[in-house]
Participant: 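Dropping the structure in here first, questions after.
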Amino acid sequence: MARYVFITGGVVSSLGKGLASAALGALLQARGFSVRLRKLDPYLNVDPGTMSPFEHGEVFVTDDGAETDLDLGHYERFTGVSARKTDSVSSGRIYSNVLEKERRGAYLGKTIQVIPHVTNEIKDFIAVGDDEVDFMLCEIGGTVGDIEGLPFFEAIRQFAQERPRGQCIFMHLTLLPYLAASGELKTKPTQHSVKELRSIGLQPDVLVCRSEHPIPDKERAKIALFCNVRPDAVIPAYDLKSIYEAPLAYHRVGLDQAVLDAFGISPAPKPDMTRWEDVMDRLTHAEGEVRVAIVGKYVQLEDAYKSIAEALTHGGMANRVKVRAEWIDAEIFEREDPGPHLEPFHAILVPGGFGERGTEGKIRAAQYAREKGIPYLGICLGMQMAVIEAARNLAGVGDAGSEEFDHEAGAKRFTPVVYHLKEWVQGNHRVERKVTDDKGGTMRLGAYSAVLREGSKVAEVYGATEIEERHRHRYEVDIRYREQLESCGLEFTGMSPDGRLPEIVEVKDHPWFIGVQFHPELKSKPFAPHPLFAGFVKAAKDQSRLV
Ligand code: GLN
């Protein structure tokens with residue numbers, strides 16, 4: 001049976017609960033324990049798949065094809081444990097399950113209520129895979145006091161009550177605001193937040209206090225006294241230069257020790273921090289810098305491409321260089337020559353995306369990279385754009401385009417070199433889709449394998465010819481253009497195992513030009529940089545030496 005840490009937040013949102021949870025996961029691993037992290041989100045969307053990246057940041061896809069919150073990305077990057085469908089749930093999903101059961105008659109005609117039906121559904125979710133790990137870390141999204149969050153708080157209260165004593169603890173994150181006028185850190189919001197928690201039956205065991213200023217011992221003691229927490233379980237959390245400092249920083253201030261103490265685990269196994277010491281060494285001892293242009297659509301919100309930004313950092317760590325990624329709005333290249341904009345960069349990345357807006361600009365960025373011999377990494381839509389570019393400018397298919405854009409516009413304007421995929425094979429079963437299907441959860445999602453051509457650049461980059469990567473898309477490069485494109489120098493070097501779906505293209509006689517139909521950024525870790533990102537940054541580094 002696992003031990004449970006429930007992580008909640010108070011005072012304000014965006015305190016870094018996800019990061020604190022992920023860092024705690026890494027610290028428990030460093031002490032030899034196995035962990036799994038889980039996110040419970042109070043919003044009513046069934047999953048974040050259909051939420052705009054502007055609203056919610058990136059959609060993180062798991063191997064088993066769930067579209068989840070970007071916090072699961074942090075969890076994976078810090079623990080290396082692959083998240084599953086059952087590690088992310090929203091109120092929307094919980095209610096939809098409950099209502100579906102009600103329609104099926106599963107409640108035998110009973111009146112359906114938040115307590116116990118909704119809370120039972122949440123508790124069942126929390127306990128999935130209970131016997132697989134030493135610790136289950138469950139983060140509750142939002143802030144204590146939110147209306148939507150109440151069923152979750154009630155469910156974790158019941159859950160802890162039903163388990164043997166000492167099996168569950170509560171960790172609460174708050175903020176200590178600093179009043180410049182009086183030069184003081186204020187503890188009152190934290191006191192109120194804990195009061196709010198206690199009024200619904202939850203007593204925190206560990207308090208993590210975000211603060212921009214050092215927390216004096218006197219204030220720590222005061223928080224402990226007023227919040228009914230042990231003084232050494234009041235953990236300061238200061239701002240960090242890099243998120244990857246979090247495990248070492250939280251360890252220094254005793255977070256893992258406080259958690260183990262709260263469980264009564266004594267003596268605590270000694271931690272092995274070498275993984276994180278190496279990560280920090282690589283991060284802080286970079287030799288030189290490379291500049292990478294990311295030509296995309298959601299450039300205003302960095303969280304929209306969170307995993308790409310992180311994977312580039314990891315690629316830099318692999319090569320001991322700092323990666324300066326700059327976001328360029330693709331639409332600019334529809335009005336202006338990309339040359340002057342892109343010239344200062346050592347490499348160009350075109351990320352995934354949906355919809356036609358900005359795509360002509362991305363095509364021009366791909367053309368620039370191909371013609372000038374600049375390292376290019378095209379991810380999902382970025383690969384599709386590279387293929388369309390080659391079809392138009394090398395293979396003479398002047399009106400090459402994607403069916404996605406014709407569907408969106410409701411008009412037939414392009415020769416579909418990229419088409420809507422309606423039938424494919426997953427493992428050993430067939431999946432079918434219609435153009436008119438719902439938008440939620442109907443893409444080619446999750447892990448699929450690909451077979452790489454022996455001797456290709458990409459096989460060299462991976463050091464393997466069989467790979468498995470995560471997908472999230474509806475459209476696919478049409479294999480019927482393969483011969484035509486290959487004869488012009490765009491090679492299809494990665495294919496689905498049945499040979500029907502192009503997974504990877506690369507430009508022959510180019511220093512480094514690779515397009516992939518999947519999302520390699522989702523699998524990159526600071527302690528295990530993804531080979532494509534390590535290779536891409538290496539190519540950028542070589543390019544930086546040339547100019
Ligand atoms: N819009 C494209 C598709 O659905 C690409 C998706 C993506 O980049 N993730 O195929």
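Please read all numbers here as calculations on a predicted model, not as lab measurements. Read the numbers this way: they start at 1 and go in the same order the structure lists the ligands and their atoms.
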Participant: Using a heavy-atom cut-off of under 4.0 Å, does the side chain or the backbone of H519 touch ligand 1, or both, or neither?
Facilitator: side chain
Participant: Measure the distance from atom 7 (C) of ligand 1 to every protein heavy atom, then report the residue, atom name and distance (to 0.1 Å) of the closest one.
Facilitator: C380 SG, 3.0 Å
Participant: Considering both backbone and side-chain atoms of F354, is one of its nitrogen or oxygen atoms within less than 3.5 Å of a nitrogen or oxygen in ligand 1?
Facilitator: no
Participant: Is it the side chain, the backbone, both or neither of Q384 that has a heavy atom closer than 4.0 Å to ligand 1?
Facilitator: side chain
Participant: Note the single closest protein heavy atom to atom 2 (C) of ligand 1, along with its residue, its atom name and the distance in Å.
Facilitator: E404 OE1, 3.2 Å
Participant: Check R370, R364, K362 against E389 for a salt bridge (Lys or Arg N to Asp or Glu O under 4.0 Å) and give me the one that passes.
Facilitator: R370
Participant: Tell me which one of G378, G382, S402, G353 gets a heavy atom nearest to atom 5 (C) of ligand 1.
Facilitator: G353
Participant: Which of the numbered atoms in ligand 1 are below 4.0 angstrom from a heavy atom of G352?
Facilitator: 8 (O)
Participant: Would you find more than 12 non-hydrogen atoms of other residues, nucleotides or ligands less than 6.0 Å from K372 atom NZ?
Facilitator: no
Participant: Report the part of H473 in contact with ligand 1, treating N, CA, C, O as backbone and CB onward as side chain, heavy atoms under 4.0 Å; options are side chain, backbone, both, neither.
Facilitator: both
Participant: Quick test of your reading of the model: are R472 and E521 salt-bridged, counting only N-O distances below 4.0 Å?
Facilitator: no
Participant: Relative to each other, are the rings of H530 and Y462 parallel, tilted or perpendicular (30° and 60° limits)?
Facilitator: perpendicular
Participant: Among R470, K523, R84, which residue satisfies the salt bridge (Lys or Arg N to Asp or Glu O under 4.0 Å) criterion with E76?
Facilitator: R470
Participant: Among all protein heavy atoms, pick the one closest to atom 10 (O) of ligand 1 and tell me residue, atom and distance.
Facilitator: Y475 N, 2.8 Å
Participant: Tell me which one of F513, F345, F536, W512 satisfies ring pair (Phe, Tyr, Trp, His ring centres under 6.0 Å) with Y376.
Facilitator: F513
Participant: Would you say R472 has any N or O atom under 3.5 Å from an N or O of ligand 1, going by distance alone?
Facilitator: yes
Participant: Quick one: look up the protein heavy atom nearest atom 4 (O) of ligand 1 and list residue, atom name and how far away it is.
Facilitator: R474 N, 2.9 Å
Participant: Before giving the answer on side chain to side chain contact (heavy atoms under 4.5 Å, CB included), spell out for Y75 and S21 the whole-Å C-alpha distance, their side-chain angles and the decisive distance to 0.1 Å.
Facilitator: CA-CA 8 Å; Y75 300 167; S21 310; 4.2 Å; yes
Participant: Here's one to test your reading of the geometry: is the NZ or CZ of R474 within 45 degrees of the ring axis of F354 and under 6.0 Å from its centre?
Facilitator: no
